[in-house]
Amino acid sequence: MKLREILYDYWGYSSFRPKQEDVIHSVLEGNDTLALFPTGGGKSLCFQVPALAKEGLCIVVTPLIALMKDQVENLKRRDIKAAAIYSGMTRGEIDLVYTNALYGGLKFLYVSPERIVTDVFRQNLKMMKVNLLAVDEAHCISQWGYDFRPSYLRIAELKEFLPGVPLLALTATATPEVVKDIQKYLRFKEENLFQRSFERTNLTYVVLKDENKENRLLKIVSKIKGSGIVYVRSRKKTRLFAQLLIKNGISADYYHAGLDINSRTSKQQNWFSGKTRVIVSTNAFGMGIDKSDVRFVVHLDIPDCVESYFQEAGRAGRDEKRSYAVLLFDDSDIASVNNSYALSYPELSTIKRVYEALGNYFQIAVGAGNGAKFEFDISNFSEQYSMKPLVVYNCIKFLERDGYLLMNNAVFNTGKAHIKVQNNDLYAFQIENKRYDFFIELLLRSYSGLFNDYVNINESVLAKRMNTSVEEIKKALVILKRYDILDYIQENKKPFLIYLRERVNGGGLNISSENYALRKKMARERLDSMLDYAESVNHCRSQILLAYFGEDDVKRCGKCDICLKRNKVDMSKMTFDDIVMQIKPVLLNEALTIDTLCKKIHGVNVEKLLKVVQFLLDGEKITKDVENKIHWKG
């Protein structure tokens with residue numbers, strides 16, 4: 001089947017976006033390839049289309065369970081066989097996925113980077129007919145990247161099992177240093193980068209400093225028509241700001257990682273369909289969400305780094321129509337994000353203490369526990385060991401990044417069922433056990449694919465359809481499991497923690513102080529770059545973002561908040577920058593009245609000088625005291 005036929009038949013698109021076809025041809029020619037496309041640039045199609053064009057299956061490595069599940073469901077809706085293996089699945093679920101990968105015509109198998117190092121995966125991999133190895137979120141392989149994961153460094157080992165199979169690395173956020181690291185550590189035979197400019201000409205970036213975020217948000221949502229996303233840091237804020245919008249007559253809802261899958265799905269669908277206009281969310285919302293007509297993305301808290309901000313802001317205007325990315329902040333946000341950074345890097349001794357305490361809490365012996373899964377109440381644990389829950393959480397996040405364990409918020413633990421017997425055997429069971437006949441028929445009518453896969457089921461919905469209680473439904477499913485007719489995994493709303501490797505002595509944790517210090521330093525630099533973007537008053541927003549990703553030779557966008565102010569100044573960038581460079585050292589040395597400043601600056605038109613001074617005052621780069629003297633603030 002030709003590439004464009006695949007694109008149209010499965011996705012309904014008549015043509016590829018820029019560079020997509022180039023990447024696909026590179027992969028089909030057997031070349032290791034890196035695709036660096038901005039958010040919304042169509043990275044997934046770069047591995048999905050060539051994989052469908054060839055016999056065999058595509059292995060997709062990604063660290064994001066939510067994205068894994070979303071992409072698998074999206075592919076299944078297009079009648080493409082796909083599955084995922086991630087931490088937290090039962091042995092039965094995993095075995096069935098491997099069986100389907102080997103014998104069931106599976107086209108896509110999504111796996112976490114931690115999974116690929118296991119003996120079970122590698123033994124099965126040897127028997128699979130693999131046509132492509134895709135590495136999503138490839139920036140995770142670089143220590144210079146904002147989300148470094150040591151497990152990514154093991155991906156290149158898979159090449160030994162897949163001779164002749166091309167590797168496609170994909171990312172939406174990579175600086176020039178990270179681009180080099182990706183190709184180096186994935187063992188590209190030669191550099192092979194396809195990059196689309198990160199410039200979004202239809203997207204207007206705006207930064208507003210405002211102490212009254214509530215009123216400002218209402219003005220933004222009222223002025224800009226269409227659907228939008230509002231990002232906040234805490235789950236509590238998602239509810240508060242959603243309620244604020246609703247009280248003011250705006251259709252809104254909230255979203256965060258602590259919601260059960262039914263709520264998640266319902267909220268997503270309402271927003272997709274337009275029933276809900278604005279979704280207020282933590283950064284849990286957006287991965288795998290492909291809504292093209294988002295007109296605005298508003299951040300009410302400052303993100304930790306430019307990469308995160310650019311990716312989230314980039315969810316606006318994917319249809320290439322005019323859209324807005326707005327960052328609202330005040331002075332307290334600067335303190336808050338700095339405090340969050342400090343808490344995100346507990347001392348190494350604290351991380352080791354938490355690790356040791358977890359082993360004791362779950363009663364795991366040193367050398368044991370690999371793959372063990374436990375329900376985990378972080379509040380109870382913190383109280384028992386006299387630790388602050390936030391400190392414990394950040395220590396666990398650090399241990400996650402280094403591949404020791406995984407904490408899951410239980411959003412994926414819905415009830416699941418899989419019929420284990422053949423159709424004829426099930427029919428015979430129904431004849432012999434009439435009291436379960438109606439219930440089995442209800443299951444088959446309610447959910448397709450039960451014979452081939454584990455399917456998410458809703459015990460509450462089944463109870464309503466049978467006019468009985470949820471407990472009776474669960475009881476019936478448990479009985480059928482005892483008869484070995486089906487496998488049933490009960491819904492579990494409690495968070496759990498999984499050990500990704502056997503427990504080691506606290507002193508054996510492989511976290512070097514040098515690497516820790518380097519990662520902390522780089523995180524500080526990324527945060528400082530984000531703060532520079534927020535507080536800048538004289539550089540085009542788009543230019544700042546593009547320069548961060550190595551694109552220096554770009555013109556001012558002409559429409560961000562800075563450019564609009566600059567347009568009023570009515571002078572060239574060179575003239576403006578030259579005047580600023582003369583003003584700055586003078587005011588850094590001493591505070592002066594405007595008259596005195598004009599006398600000290602030579603060779604500059606006074607009218608232009610006053611326009612620049614006013615621009616800097618408006619942007620709070622300089623301030624005026626009670627004696628009417630101006631100071632350089634920035």
> Does the pair Leu186 and Tyr152 meet the rule for a side chain to side chain contact (heavy atoms under 4.5 Å, CB included), with working shown?
Replying inline: CA-CA 9 Å; Leu186 289 177; Tyr152 260 66; over 6 Å; no
Strictly by modelled atom types, are [X] and [Y] linked by a side-chain donor-acceptor pair under 3.5 Å?
X: Tyr255; Y: Gln268; result: yes
X: Tyr185; Y: Arg154; result: no
X: Ser142; Y: Glu177; result: no
X: Thr171; Y: Glu137; result: no
X: Tyr427; Y: Gln422; result: no
X: His256; Y: Thr282; result: no

Shortest non-hydrogen separation from [X] to [Y] and the atoms involved:
X: Ser227; Y: Asp293; value: OG-O, 3.3 Å
X: Tyr447; Y: Val455; value: CB-CG1, 4.0 Å
X: Thr62; Y: Asp136; value: CB-CB, 4.0 Å

If only atom types and distance count, is the side chain of [X] paired as donor or acceptor with the main-chain N or O of [Y] below 3.5 Å?
X: Gln20; Y: Gly42; value: yes
X: Arg503; Y: Ala368; value: no
X: Lys291; Y: Phe272; value: yes
X: Thr99; Y: Val97; value: no
X: Arg264; Y: Leu259; value: no
X: Asn100; Y: Asn452; value: yes

>> side chain to side chain donor-acceptor pair (under 3.5 Å), that's the test. Do Asn283 and Ser308 meet it? Break it down for me.
In response: CA-CA 9 Å; Asn283 60 9; Ser308 293; over 6 Å; no
Would you say [atom1] of [X] has more than 12 non-hydrogen atoms from neighbouring residues, nucleotides or ligands within 6.0 angstrom?
X: Lys81; atom1: NZ; answer: no
X: Lys180; atom1: NZ; answer: no
X: Glu157; atom1: CD; answer: yes
X: Glu160; atom1: CD; answer: yes
X: Glu320; atom1: CD; answer: no

Taking the side chain as C-beta and beyond, is there a heavy-atom pair between [X] and [Y] under 4.5 Å?
X: Ile59; Y: Phe108; value: no
X: Val117; Y: Ser151; value: no
X: Val294; Y: Ser323; value: no
X: Thr90; Y: Asp95; value: no
X: Arg122; Y: Thr118; value: no
X: Asn31; Y: Phe188; value: no

> Does the pair Tyr404 and Glu502 meet the rule for a side chain to side chain donor-acceptor pair (under 3.5 Å), with working shown?
Replying inline: CA-CA 8 Å; Tyr404 285 95; Glu502 66 279 353; over 6 Å; no
>> Run the side chain to side chain contact (heavy atoms under 4.5 Å, CB included) test on Gln490 and Lys416 for me, step by step, so that the C-alpha distance in whole Å, both residues' side-chain angles and the decisive distance to 0.1 Å come before the verdict.
In response: CA-CA 7 Å; Gln490 291 197 45; Lys416 293 181 182 179; over 6 Å; no
> Could you state the interatomic distance from CZ (Phe194) to CG (Leu34), rounded to the nearest 0.5 Å?
Replying inline: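 Rounded to the nearest 0.5 Å, the CZ-CG separation comes out at 10.0 Å.
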> Does the cation-pi check pass for Arg196 over Phe37, that is, NZ or CZ under 6.0 Å from the six-membered ring centre and within 45° of its axis?
Replying inline: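 The answer is yes, since Arg196 meets both limits relative to Phe37.
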> Regarding Arg519 and the six-membered ring of Phe148, is the cationic atom NZ or CZ under 6.0 Å from the ring centre and inside 45° of its axis?
Replying inline: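 So Arg519 doesn't make the cation-pi contact.
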>> Suppose we call two aromatic rings close when their centres sit under 6.0 Å apart. Are Phe285 and Tyr231 close by that rule?
In response: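 That pair fails the under 6.0 Å test.
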>> Tyr110 vs Tyr86, test: ring pair (Phe, Tyr, Trp, His ring centres under 6.0 Å). Steps then yes/no.
In response: CA-CA 8 Å; Tyr110 287 75; Tyr86 49 85; over 10 Å; no
>> Could you go through Leu442 and Leu462, starting from their C-alpha distance and side-chain angles, then the distance that decides it, and tell me whether this counts as side chain to side chain contact (heavy atoms under 4.5 Å, CB included)?
In response: CA-CA 8 Å; Leu442 175 64; Leu462 291 171; 4.0 Å; yes
>> Lys520: which residues meet the side-chain contact (heavy atoms from CB on, under 4.5 Å) condition with it, sequence neighbours left out?
In response: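 In terms of side-chain contact (heavy atoms from CB on, under 4.5 Å), with neighbours along the sequence ignored, Lys520 is linked to Tyr341, Tyr345, Tyr516.
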> Between Phe496 and Phe376, is a side chain to side chain contact (heavy atoms under 4.5 Å, CB included) present by the stated rule, with each step listed?
Replying inline: CA-CA 5 Å; Phe496 59 84; Phe376 182 53; 5.5 Å; no
>> Here's a test for you: under salt bridge (charged side-chain N to carboxylate O under 4.0 Å, His left out), which of Arg91, Lys420, Lys481 qualifies with Asp487?
In response: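 Looking at Arg91, Lys420, Lys481, the match for Asp487 under the salt bridge (charged side-chain N to carboxylate O under 4.0 Å, His left out) is Lys481.
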> For Tyr8 and Tyr13, what are the C-alpha separation, side-chain angles and deciding distance, and is it a ring pair (Phe, Tyr, Trp, His ring centres under 6.0 Å)?
Replying inline: CA-CA 5 Å; Tyr8 185 79; Tyr13 302 139; 9.4 Å; no
> Between Lys69 and Glu73, does at least one N-O distance fall below 4.0 Å, as a salt bridge requires?
Replying inline: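 No.
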